[in-house]
**Q** 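Questions regarding the structure given below will be posed in turn.
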Amino acid sequence: MREVYFIKQNKEKWLGIEQVVQGKIKKNPDDLSSLYINLINDLSFAQTYYPKSNTTVYLNHLSSQIFQKIYKTKRIEKNRILYFFETEVPMLVFQYRRYLMYAFLFFILFTSIGVLSAVYDKEFANVILGEDYVNTTIENIKKGNAVGVYQSGSTWGSTIGIISNNLKVGAKLYIYGIAGGVGTLYALLSNSVMLGSFQYFFYDYGALKDSARGIWLHGVFEIFAMVVEAMCGLILGTSILFPRTFSRFESFKNGFKNSFKIFLSTVPFTICAGIIEGYITRHALQMHWSLNLLIIFGSLIIIGFYYCIYPFIVSKKINSQIHDAVL
């Protein structure tokens with residue numbers, strides 16, 4: 001079947017589904033499930049015969065929207081907060097998974113720029129990190145205490161300050177996405193370049209191992225959350241730039257609603273990072289190295305699983321439930 005005829009044959013049906021997604025037409029859960037299965041069949045056909053077509057991209061997006069609509073109309077018997085983290089956020093992360101990949105690629109690129117800049121310009125760390133911080137850290141390294149900067153101030157006072165600052169950074173990464181995603185990329189560039197130059201600074205002074213034992217205790221949650229927040233900003237930006245078949249306002253409204261939910265999911269990780277930095281990082285070099293590694297890799301497994309693996313598990317489970325319900 002030629003693509004033009006395929007579109008002509010199904011156009012009215014797809015426009016009707018758009019009306020359902022936008023809330024202009026009400027459907028019960030059973031009708032929504034039928035629409036979803038019907039749409040998935042169209043998507044499978046398009047993926048087979050027109051894999052690189054805009055029609056396939058459109059159907060994939062529309063099926064994701066109706067997918068969410070189904071589970072918003074279903075009765076939620078679980079605790080609402082538990083459902084939010086256990087099902088709703090993973091579903092959204094799965095839907096926008098390519099944005100997470102983009103955010104990670106930009107993060108790696110920008111961090112590499114920070115490293116290379118520090119390699120070829122010995123004054124770069126002073127400019128990015130500040131001379132006072134650099135001089136203080138050099139003195140700490142000479143004393144054999146690379147993470148000495150984390151030992152100043154009270155534990156609870158430091159924790160509150162750190163959490164507050166990290167939440168502000170995360171909010172900027174997200175909200176700046178309203179400028180078509182450019183603001184988010186700028187904020188990510190600033191933070192990633194700082195991280196790259198920061199890590200090379202310790203390497204240059206022969207203290208990378210000791211610094212990593214401390215910094216990445218809290219850094220895993222903090223940096224991973226930062227990347228997810230950048231993902232949210234990119235979702236927000238593209239919802240404005242590329243409204244597809246929706247009005248620009250409707251697209252922005254959907255993009256904001258979905259990205260904000262994902263953004264909220266990073267807050268517990270950001271808070272945990274602040275608590276670890278305020279209470280544990282200051283004791284990093286007094287801890288046995290095996291405990292350092294346990295916390296670092298344990299944190300990586302938890303947050304990596306939640307955002308990179310668990311969404312696929314939830315999606316597969318829910319797809320199976322919908323299919324069984326329709327059959």
Side-chain angles (χ1 to χ4, degrees), residues 78-108 111 147 150 155 158-160 162-171 173-174 188 191-192 195 199 209 211-235 258-284 287-318:
K78 296 180 180 180
N79 178 280
R80 185 66 185 85
I81 296 177
L82 180 62
Y83 174 80
F84 176 77
F85 285 101
E86 188 179 285
T87 303
E88 195 167 0
V89 169
M91 284 169 56
L92 290 170
V93 172
F94 179 80
Q95 178 184 341
Y96 293 102
R97 58 193 180 280
R98 62 193 176 99
Y99 290 90
L100 181 58
M101 180 186 70
Y102 296 153
F104 265 113
L105 290 176
F106 278 118
F107 166 72
I108 293 170
T111 303
V147 295
Y150 295 100
T155 51
S158 297
T159 299
I160 293 173
I162 291 164
I163 291 174
S164 176
N165 179 69
N166 289 347
L167 288 174
K168 287 179 183 177
V169 170
L173 282 162
Y174 175 49
L188 184 62
N191 286 281
S192 301
L195 174 65
Q199 289 291 264
K209 181 180 176 181
S211 71
R213 283 180 59 187
I215 293 167
W216 289 102
L217 287 173
H218 62 270
V220 172
F221 279 160
E222 182 181 323
I223 301 303
F224 206 119
M226 183 181 79
V227 174
V228 176
E229 288 152 0
M231 165 198 180
C232 297
L234 293 177
I235 294 171
N258 293 336
S259 60
F260 186 65
K261 288 177 181 178
I262 299 174
F263 170 74
L264 284 180
S265 74
T266 67
V267 173
F269 293 109
T270 300
I271 293 173
C272 285
I275 293 172
I276 293 171
E277 185 172 352
Y279 283 89
I280 300 177
T281 301
R282 62 179 61 229
H283 303 298
M287 297 161 55
H288 191 275
W289 63 268
S290 60
L291 183 55
N292 293 82
L293 292 180
L294 179 64
I295 295 174
I296 291 170
F297 285 101
S299 299
L300 183 59
I301 289 170
I302 291 170
I303 196 168
F305 174 80
Y306 185 71
Y307 286 108
C308 298
I309 299 174
Y310 186 59
F312 287 87
I313 296 174
V314 172
S315 176
K316 184 177 180 181
K317 177 183 176 183
I318 291 177

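Computed from a prediction, not measured in an experiment: that's the story for all the values here.
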**Q** With rounding to the nearest 0.5 angstrom, report the SG to CD1 distance, Cys308 to Ile301.
**A**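 Here the interatomic distance stands at 12.5 Å.
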**Q** How close do Gln95 and Asn258 get, heavy atom to heavy atom, and via which atoms?
**A**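 Reported closest heavy-atom pair: NE2-ND2, 4.5 Å.
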**Q** Kindly compute the distance separating CE (Met91) from NZ (Lys261), expressed to the nearest 0.5 Å.
**A**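 Answer for the CE-NZ pair, Met91 versus Lys261, is 9.0 Å.
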**Q** Checking Leu293 now: which residues fulfil side-chain contact (heavy atoms from CB on, under 4.5 Å) with it, not counting sequence neighbours?
**A**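 Leu293: side-chain contact (heavy atoms from CB on, under 4.5 Å) contacts with Trp289, Phe297.
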**Q** I'd like to check the side-chain hydrogen bond (donor to acceptor under 3.5 Å, both in side chains) partners of Thr266; sequence neighbours left out, ordered by chain and number.
**A**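 Result, side-chain hydrogen bond (donor to acceptor under 3.5 Å, both in side chains) vs Thr266: Glu229.
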**Q** Tell me the closest heavy-atom pair linking Tyr96 and Met231, and the distance in Å.
**A**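 Distance-wise, the nearest heavy atoms are O-CE, 3.5 Å.
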**Q** May I have all residue pairs that pass side-chain hydrogen bond (donor to acceptor under 3.5 Å, both in side chains) and include part of residues 296-305, sequence neighbours excluded?
**A**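 Of all non-adjacent pairs touching residues 296-305, none passes side-chain hydrogen bond (donor to acceptor under 3.5 Å, both in side chains).
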**Q** Any side-chain heavy-atom pair from Ile302 and Phe269 closer than 4.5 angstrom?
**A**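 Yes, close enough: below the 4.5 Å cut-off.
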**Q** Does any non-hydrogen side-chain atom of Trp216 lie less than 4.5 Å from one of Ile295?
**A**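 Ile295 does not reach Trp216 side chain to side chain.
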**Q** Does CZ belonging to Phe106 count more than 12 external heavy atoms closer than 6.0 Å?
**A**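 No, CZ of Phe106 has 12 or fewer neighbouring heavy atoms, counting only those of other groups under 6.0 Å.
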**Q** Would the distance check show the side chain of Tyr310 and the main-chain N or O of Glu86 forming a donor-acceptor pair, the cut-off being under 3.5 Å?
**A**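 Confirmed, Tyr310 side chain pairs with Glu86 backbone.
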**Q** Which atom names give the shortest non-hydrogen contact between Thr155 and Thr159, and what distance separates them?
**A**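 Closest approach of Thr155 to Thr159: O-OG1, 2.7 Å.
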**Q** Evaluate the ring planes of Tyr306 and Phe85, with Trp represented by its six-membered ring, and classify them as parallel (under 30°), tilted (30 to 60°) or perpendicular (over 60°).
**A**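 Rings of Tyr306 and Phe85: tilted, as their planes differ by 30° to 60°.
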**Q** Given side-chain contact (heavy atoms from CB on, under 4.5 Å), test Ile280 with Met287 step by step and report yes or no.
**A** CA-CA 9 Å; Ile280 300 177; Met287 297 161 55; 4.0 Å; yes
**Q** Just say parallel, tilted or perpendicular for the rings of Tyr102 and Tyr99, cut-offs at 30° and 60°.
**A**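 Perpendicular, since the angle between the ring planes exceeds 60°.
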**Q** Distance-only, no hydrogens or angles: does the Tyr174 side chain make a donor-acceptor pair with backbone N or O of Ala230 under 3.5 Å?
**A**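 No, because the side chain of Tyr174 does not come within donor-acceptor range (under 3.5 Å) of the backbone of Ala230.
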**Q** For the CD1 atom of Ile275 and the OG atom of Ser158, what is their distance to the nearest 0.5 Å?
**A**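 That separation rounds to 13.0 Å.
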**Q** Could I get the full list of side-chain hydrogen bond (donor to acceptor under 3.5 Å, both in side chains) partners for Asn292, not counting sequence neighbours?
**A**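 Asn292 satisfies side-chain hydrogen bond (donor to acceptor under 3.5 Å, both in side chains) with Arg213 once adjacent residues are dropped.
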**Q** I'd like to check Arg282 versus Val147 (side-chain heavy atoms, cut-off strictly below 4.5 Å). Are they in contact?
**A**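 Heavy-atom side-chain distance check fails, nothing below 4.5 Å.
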**Q** What pairs with Ser265 under side-chain hydrogen bond (donor to acceptor under 3.5 Å, both in side chains), at least two apart in sequence or on another chain?
**A**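 If we apply the side-chain hydrogen bond (donor to acceptor under 3.5 Å, both in side chains) test to Ser265, skipping adjacent residues, the hits are Tyr307.
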**Q** Measure across Asn166 and Thr270 and return the closest heavy-atom pair with its distance rounded to 0.1 Å.
**A**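 Scanning both residues completely, I find the closest heavy atoms to be CB-CG2, 3.5 Å.
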**Q** Do Val89 and Phe84 come close enough that some side-chain heavy atom pair is under 4.5 Å?
**A**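 Of all side-chain heavy-atom pairs linking Phe84 with Val89, at least one is under 4.5 Å.
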**Q** Can you give each donor-acceptor pair under 3.5 Å made by side-chain atoms of residues 218-228, sequence neighbours left out, with the distance rounded to 0.1 Å?
**A**
{"from": "His218", "atom 1": "ND1", "to": "Ile215", "atom 2": "O", "distance (Å)": "3.3"}
{"from": "His218", "atom 1": "ND1", "to": "Thr281", "atom 2": "OG1", "distance (Å)": "2.9"}
{"from": "His218", "atom 1": "NE2", "to": "Ile215", "atom 2": "O", "distance (Å)": "3.4"}

**Q** First locate atom CG of Leu173, then atom NZ of Lys168, and finally report the distance between them rounded to the nearest 0.5 Å.
**A**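 Taking CG in Leu173 and NZ in Lys168, the distance rounds to 14.5 Å.
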**Q** Looking at every heavy atom in both Ile162 and Gly274, which two are closest together, and how far apart are they?
**A**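 Taking every non-hydrogen atom into account, CG2-CA, 3.8 Å.
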**Q** Looking at Pro311, is its backbone amide N or carbonyl O close enough to the side chain of Ser315 to form a donor-acceptor pair, meaning the two atoms are under 3.5 Å apart?
**A**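 No, because the side chain of Ser315 does not come within donor-acceptor range (under 3.5 Å) of the backbone of Pro311.
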**Q** Roughly how far, to the nearest 0.5 Å, is OG of Ser259 from CG of Leu264?
**A**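 That separation rounds to 9.5 Å.
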